Amino acid sequence: MRELLTDENRDYIERTREVALKSVQPIAAELDKDQTYPWEAVKALQDAGLMGIWIPEEYGGNGDGVLNLCLVVEELSRICGGVGVAYAVNALGSFPILVGGTEEQKQRWLPDVASGKRLIAFGLSEKDAGSDAGSLQTRAVREGNTYIINGEKKWTTNAVAADIYTIFCVTNPERGSRGISSIVVEKDLAGFTFNKVEDKMGIRCVTVAELHFDNCIVPADYLLGEQEGKGFAHAMMTLDRARPGVAAQALGLAQGAFDLTVDFVRKHNYMDKSLSSEQSIQFALADMATKIEAARQIVYASARALDEGHKNVGKLSAMGKVFATDTAMEVTSMAVDIFGEPGILKNYPIEKFMRDAKITQIYEGTNQIQRLVISRSILREAAAAEEN
């Protein structure tokens, strides 16, 4: 599939690969062990001109779309899935501003995100509202020229590292999902604090924490758009655009694990025979490579569809997320099996790939939810076709 990419695409891959090898690979194990945020990698990405590439040029970005975003995420994740998501979540956090913000709001916040001067995070999930985004409890009440926010957000990636947050709150509890609004919150606002920082199985270098709002006062013009009640639509449009990035993270993890596995079987023997000469190993490598390439096709296709402005891309984005993340889990697990006992040791990087892969099946909509999105879309299309 990469043979079909443009020179621009290849340039992004090459620049990212250089950053990943020089600034991520030497410290990936240490970042994982200590749960240290990858600031060195972020600085290297800034210096390479890779931050904010999905943001239009008029707001300080490169205007180079979702496909190039996915290529950068994939290449970073081939070395470290945690660094891959630390980068990708800036797209997730900024997409609500892009799809729902006014021109003034885009000019206010996006240039700093595009340059990497300020990181951004996305606050949707809550303790009792993960997959069911319509059950949010965090409230924002309008008082004069401000909103007063109270509540908590869970599972916020990039939480402590970010400076800007797109937060989804209930502004009219009587309207269900139509009473949800999206509001930008900046880090230094009074009443906004961080609670529990999670101790995770994988993607350990990127901070995931609770956001706590206790009478947090936000200027009224931080409400995205010009009216309340658009937040749920902003969230759904954002997730459609962001899921190819999660899929690309999974794709990179699968490819990175596969690369390590090929190198391992070429260099190791079993009963005086090269592992690479075992037919069962050859079959496993063939299956791994085939599924990775199939995942790559659908991930790139969903990203291209978004870049070309196609409507109703939710089904394709969900398909890419399901297939790529399931592939990542299968490939990384198979890789650990092939490594055998060394595969479960911390001094071999392969076990980290499996730990990092698991989360991709869960966040930004579990794969069970993605299957519902896909099936509902299929049934709607069938009903529409029958009516015509």
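Heavy-atom basis, side chains included; hydrogens, waters and symmetry copies ignored. It should be emphasised that the depicted structure is a prediction, and the values quoted were computed from it without experimental measurement. Nothing fancy with the numbering, it's 1 onward along the sequence.
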Can a side-chain donor-acceptor contact be found between [Y] and [X] if the only test is distance below 3.5 angstrom?
{"X": "Y348", "Y": "E341", "answer": "no"}
{"X": "T325", "Y": "T360", "answer": "no"}
{"X": "E126", "Y": "T138", "answer": "yes"}
{"X": "D128", "Y": "S135", "answer": "no"}
{"X": "N172", "Y": "E228", "answer": "no"}
{"X": "N62", "Y": "E57", "answer": "no"}
{"X": "N9", "Y": "T6", "answer": "yes"}
{"X": "Q249", "Y": "Y87", "answer": "no"}
{"X": "Y222", "Y": "Q105", "answer": "no"}

Nearest 0.5 Å please: distance from the [atom1] atom of [X] over to the [atom2] atom of [Y].
{"X": "K352", "Y": "R204", "atom1": "NZ", "atom2": "CZ", "result": "10.0 Å"}
{"X": "W54", "Y": "L110", "atom1": "CH2", "atom2": "CG", "result": "10.0 Å"}
{"X": "D214", "Y": "H212", "atom1": "CG", "atom2": "NE2", "result": "4.5 Å"}
{"X": "T16", "Y": "L50", "atom1": "OG1", "atom2": "CG", "result": "4.5 Å"}
{"X": "C169", "Y": "N150", "atom1": "SG", "atom2": "CG", "result": "10.0 Å"}
{"X": "I13", "Y": "L71", "atom1": "CD1", "atom2": "CG", "result": "4.5 Å"}

Notebook entry, point to check: When you measure from the centre of the six-membered ring of F95, is the NZ or CZ of R241 under 6.0 Å away and within 45° of the axis?
Noted result: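 No, R241 does not sit over the ring of F95.
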
Check whether any side-chain N or O of [X] sits under 3.5 Å from a backbone N or O of [Y] as a donor-acceptor pair, and report yes or no.
{"X": "S377", "Y": "V373", "answer": "no"}
{"X": "S23", "Y": "A20", "answer": "no"}
{"X": "K315", "Y": "S375", "answer": "no"}
{"X": "T332", "Y": "M329", "answer": "yes"}
{"X": "K321", "Y": "G365", "answer": "yes"}

Next item on the list: Apply the test salt bridge (Lys or Arg N to Asp or Glu O under 4.0 Å) to residues E198 and K154: give CA-CA distance (whole Å), side-chain angles for both, the deciding distance (0.1 Å), then the verdict.
Entry: CA-CA 10 Å; E198 305 294 348; K154 289 281 287 186; 3.3 Å; yes

Next item on the list: Verify salt bridge (Lys or Arg N to Asp or Glu O under 4.0 Å) between D356 and K200, making sure each step is shown before the conclusion.
Entry: CA-CA 10 Å; D356 286 350; K200 308 177 301 302; over 6 Å; no

Note to self: salt bridge (Lys or Arg N to Asp or Glu O under 4.0 Å) for K22 and E18? Distances and angles first, verdict last.
What the structure shows: CA-CA 6 Å; K22 289 184 177 180; E18 183 176 359; 3.0 Å; yes

Got [X] and [Y] here, is their nearest side-chain heavy-atom distance under 4.5 Å?
{"X": "C205", "Y": "V83", "value": "yes"}
{"X": "I374", "Y": "V322", "value": "yes"}
{"X": "I281", "Y": "S276", "value": "no"}

Next item on the list: I would like to know whether N195 and E152 meet side-chain hydrogen bond (donor to acceptor under 3.5 Å, both in side chains); could you show each step before the answer?
Entry: CA-CA 9 Å; N195 283 358; E152 283 189 340; 2.9 Å; yes

Hydrophobic clustering (ILVMFWY, side-chain heavy atoms < 4.5 Å, transitive) - are [Y] and [X] grouped together?
{"X": "L316", "Y": "V246", "answer": "no"}
{"X": "L92", "Y": "V66", "answer": "no"}
{"X": "W155", "Y": "V185", "answer": "no"}

Check: For I148, what are the other residues in its hydrophobic cluster, where any two members join if their side-chain heavy atoms are less than 4.5 angstrom apart?
Finding: I217

Item checked: Other cluster members, M237 - Ile/Leu/Val/Met/Phe/Trp/Tyr, side-chain contacts below 4.5 Å -> V99

Next item on the list: Would you please test E8 and R10 for salt bridge (Lys or Arg N to Asp or Glu O under 4.0 Å) and show each step?
Entry: CA-CA 5 Å; E8 177 187 79; R10 294 175 189 277; over 6 Å; no

Next item on the list: Measure up the Y37 and W39 rings against each other and bin them: parallel (under 30°), tilted (30 to 60°), perpendicular (over 60°).
Entry: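 Rings of Y37 and W39: tilted, 30 to 60°.
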
Note to self: What verdict does the side chain to side chain contact (heavy atoms under 4.5 Å, CB included) test give for S77 and V73, after you've listed the backbone C-alpha separation in whole Å, the side-chain angles of each residue and the deciding distance to 0.1 Å?
What the structure shows: CA-CA 6 Å; S77 300; V73 174; 4.0 Å; yes

Check: Looking at R78, R296, E293, E75, which one forms a side-chain hydrogen bond (donor to acceptor under 3.5 Å, both in side chains) with Q255?
Finding: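 Exactly one candidate clears the test, R296.
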
Next item on the list: Work out which heavy atom in L124 is nearest to a heavy atom in L136; give both atom names and the distance.
Entry: O-CD2, 3.2 Å

Notebook entry, point to check: Crowded around N145 CG? As in, over 12 foreign heavy atoms under 6.0 Å?
Noted result: no

